[in-house]
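Heads up, the thing below is written out as structure tokens.
All values derive from a computational prediction rather than experimental measurement. Just so you know, residue 1 is the first one in the sequence shown, and it goes up from there.
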Amino acid sequence: MRKLVATVLSLCVMAFASMCFAETYQMTYEAQNFTENLKDNQAFSETFTTPHGILKIQARRLWQTGSDKRLHFIVWMDDKRIDEEHFPNVDYGYTFRVFKNTSNGDLFYSLESIERACLYGYSPDKNKLEVYIDSQNYAHEAGAYPYIVALKNGNLILAFEKANKCQRYRFNWDAKANWFAYSDIGSGWSSIRGDKQ
């Protein structure tokens with residue numbers, strides 16, 4: 001009888017621990033279509049405290065470049081420039097979000113437009129931003145709008161929406177691979193707007 005009680009008790013403890021320490025994501029910051037109102041040579045910048053140091057992101061609308069390199073993004077970690085990239089001018093601008101992995105405190109940054117969505121994260125091993133998710137690498141219907149969001153249940157999702165039909169991919173951090181693993185959770189979902197944080 002004692003063995004049975006001990007076994008049941010240990011199963012309950014393991015189930016409780018897995019629920020308490022399950023990986024979830026929390027959206028901590030959102031700037032919707034923030035580049036839409038930037039004037040020529042005007043900059044937008046934000047600073048975030050991460051487990052690795054202070055990360056600063058700046059986006060500037062350049063005025064003496066073509067539309068394919070209109071936005072210039074620069075990223076610093078503890079005042080050292082670690083990345084920069086140019087992005088094209090797009091209809092409706094870009095949306096920027098920050099997600100926190102609640103199990104380890106790591107931050108991830110999404111940049112999305114009506115054409116493409118990418119999720120970035122700081123790699124301390126390489127001292128640079130990695131592109132962990134790029135919507136162009138996942139099957140979806142042509143013309144579908146890509147979103148990277150955290151759902152109310154804490155799942156990190158890449159969704160493609162077109163005419164109120166939604167296809168979704170779910171992502172989890174794989175600590176051994178030091179990268180995101182994903183699963184295709186199918187299509188037929190309703191709009192992500194009702195489920196996102």
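- Within a 6.0 Å sphere centred on OH of Tyr92, other residues, nucleotides and ligands contribute 12 heavy atoms or fewer.
- Leu62 places a side-chain heavy atom less than 4.5 Å from the side chain of His86.
- Here the closest non-hydrogen pair linking Ile192 and Ala159 is CD1-CB, 3.8 Å.
- Considering only heavy atoms from C-beta on, Cys166 stays 4.5 Å or farther from Phe160 through its side chain.
- Side-chain contact between Ile185 and Ile157 is present, with at least one heavy-atom pair separated by less than 4.5 Å.
- Residues Pro51 and Asp106 approach most closely at CG-OD1, 3.7 Å, considering heavy atoms.
- When the shell of 6.0 Å around CZ of Phe44 is examined, it contains more than 12 heavy atoms from other residues, nucleotides or ligands.
- The aromatic ring centres of Tyr122 and Tyr109 sit 6.0 Å or more apart.
- Residues Ile114 and Pro146 approach most closely at O-CD, 3.5 Å, considering heavy atoms.
- By the 4.5 Å heavy-atom criterion applied to side chains, Ile54 and Thr47 are counted as neighbours.
- Listed by chain and residue number, Glu30 satisfy the salt bridge (Lys or Arg N to Asp or Glu O under 4.0 Å) test with Lys196 (two or more places apart in sequence, or in another chain).
- Contacts of Lys162 classified as salt bridge (Lys or Arg N to Asp or Glu O under 4.0 Å), with partners at least two apart in sequence or in another chain: Glu141.
- The main-chain N or O of Glu36 is never found under 3.5 Å from a side-chain atom of Asn33 such that the two would form a donor-acceptor pair.
- Remark: Lys39 pairs with no residue by the salt bridge (Lys or Arg N to Asp or Glu O under 4.0 Å) rule, at least two apart or across chains.
- You'll find the side chain of Leu129 stays beyond 4.5 Å of the side chain of Val131, heavy atoms only.
- Using the six-membered ring where Trp is involved, Tyr132 and Phe180 have ring planes that are perpendicular, over 60° apart on the 30 and 60° scheme.
- Note that the OG atom of Ser113 and the CG atom of Leu71 stand 10.5 Å from one another [nearest 0.5 Å].
- Across Leu151 and Gln197, no two heavy atoms sit closer than the pair O-NE2, 2.9 Å.
- Taking 4.5 Å as the limit, some side-chain heavy atom of Arg193 sits within range of a side-chain heavy atom of Glu161.
- Side-chain contact between Asp83 and Lys128 is absent, with no heavy-atom pair separated by less than 4.5 Å.
- Distance CE/Met77 to CG/Leu55: 4.5 Å, rounded to 0.5 Å.
- Between Lys56 and Asp78, none of the side-chain N atoms (NZ, or NE/NH1/NH2) sits under 4.0 Å from a carboxylate O, so this pair counts as no salt bridge.
- By the rule that hydrophobic residues join a cluster once side-chain heavy atoms approach within less than 4.5 Å of another member, Phe99 and Trp179 end up as members of one cluster.
- Contact check for Asp184 versus Gln167: side-chain heavy atoms found under the 4.5 Å cut-off.
- Contact between Glu130 and Ser123 at its shortest, heavy atoms only, is CG-CB, 3.7 Å.
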Start with the C-alpha gap between Leu158 and Ser135, add the side-chain angles, then the distance that decides, and say whether side chain to side chain contact (heavy atoms under 4.5 Å, CB included) holds. CA-CA 7 Å; Leu158 166 63; Ser135 63; 4.1 Å; yes
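- Under 4.0 Å is where a charged nitrogen must lie from a carboxylate oxygen, and between Glu112 and Arg116 no such pair does.
- In this structure, CD1 on Ile74 lies 10.5 Å from OG on Ser45, to the nearest 0.5 angstrom.
- Shortest non-hydrogen contact noted between Phe171 and Glu23 is O-OE1, 4.2 Å.
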Side chain to side chain contact (heavy atoms under 4.5 Å, CB included) between Asn178 and Lys176, worked out: CA-CA 5 Å; Asn178 207 24; Lys176 286 184 181 178; over 6 Å; no
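- With ring centers used as reference points, Tyr94 lies 6.0 Å or more from Phe96.
- Linking ILVMFWY side-chain heavy atoms closer than 4.5 Å, directly or via other members, places Trp76 and Ile57 in two distinct hydrophobic clusters.
- Separation of atoms OH (Tyr169) and CG (Leu156) is listed at 14.5 Å; rounding is to 0.5 Å.
- In Asp79, the CG atom is not crowded: 12 or fewer heavy atoms of neighbouring residues, nucleotides or ligands sit closer than 6.0 Å.
- Following chains of ILVMFWY side-chain contacts shorter than 4.5 Å, one cannot reach Met27 starting from Tyr147, and the two form parts of different hydrophobic clusters.
- The six-membered or imidazole ring of Trp173 lies near that of Phe108, with a centre-to-centre distance under 6.0 Å.
- Hydrophobic cluster membership differs between Phe48 and Ile148, with clusters built from Ile, Leu, Val, Met, Phe, Trp and Tyr side chains linked at under 4.5 angstrom.
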Let's go through Phe87 and Phe73 carefully: what are the C-alpha distance in whole Å and the side-chain angles of both, what is the deciding distance for ring-ring contact (aromatic ring centres under 6.0 Å, His included) to 0.1 Å, and is it a yes or a no? CA-CA 8 Å; Phe87 291 90; Phe73 282 79; 5.1 Å; yes
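- Around the CH2 atom of Trp189, the shell of radius 6.0 Å holds no more than 12 heavy atoms that belong to other residues, nucleotides or ligands.
- Rounding to the nearest 0.5 Å places CG of Asn37 at 9.0 Å from CZ of Arg61.
- In terms of hydrophobic clustering, with Ile, Leu, Val, Met, Phe, Trp and Tyr side chains grouped at heavy-atom distances under 4.5 Å, Tyr120 and Tyr182 are assigned to different clusters.
- Taken to the nearest 0.5 Å, the OG1 atom of Thr24 stands 9.0 Å off from the CG atom of Asn155.
- For the pairing with His72, the side chain to side chain donor-acceptor pair (under 3.5 Å) check across Glu85, Glu84, Gln58 returns one residue only, Glu84.
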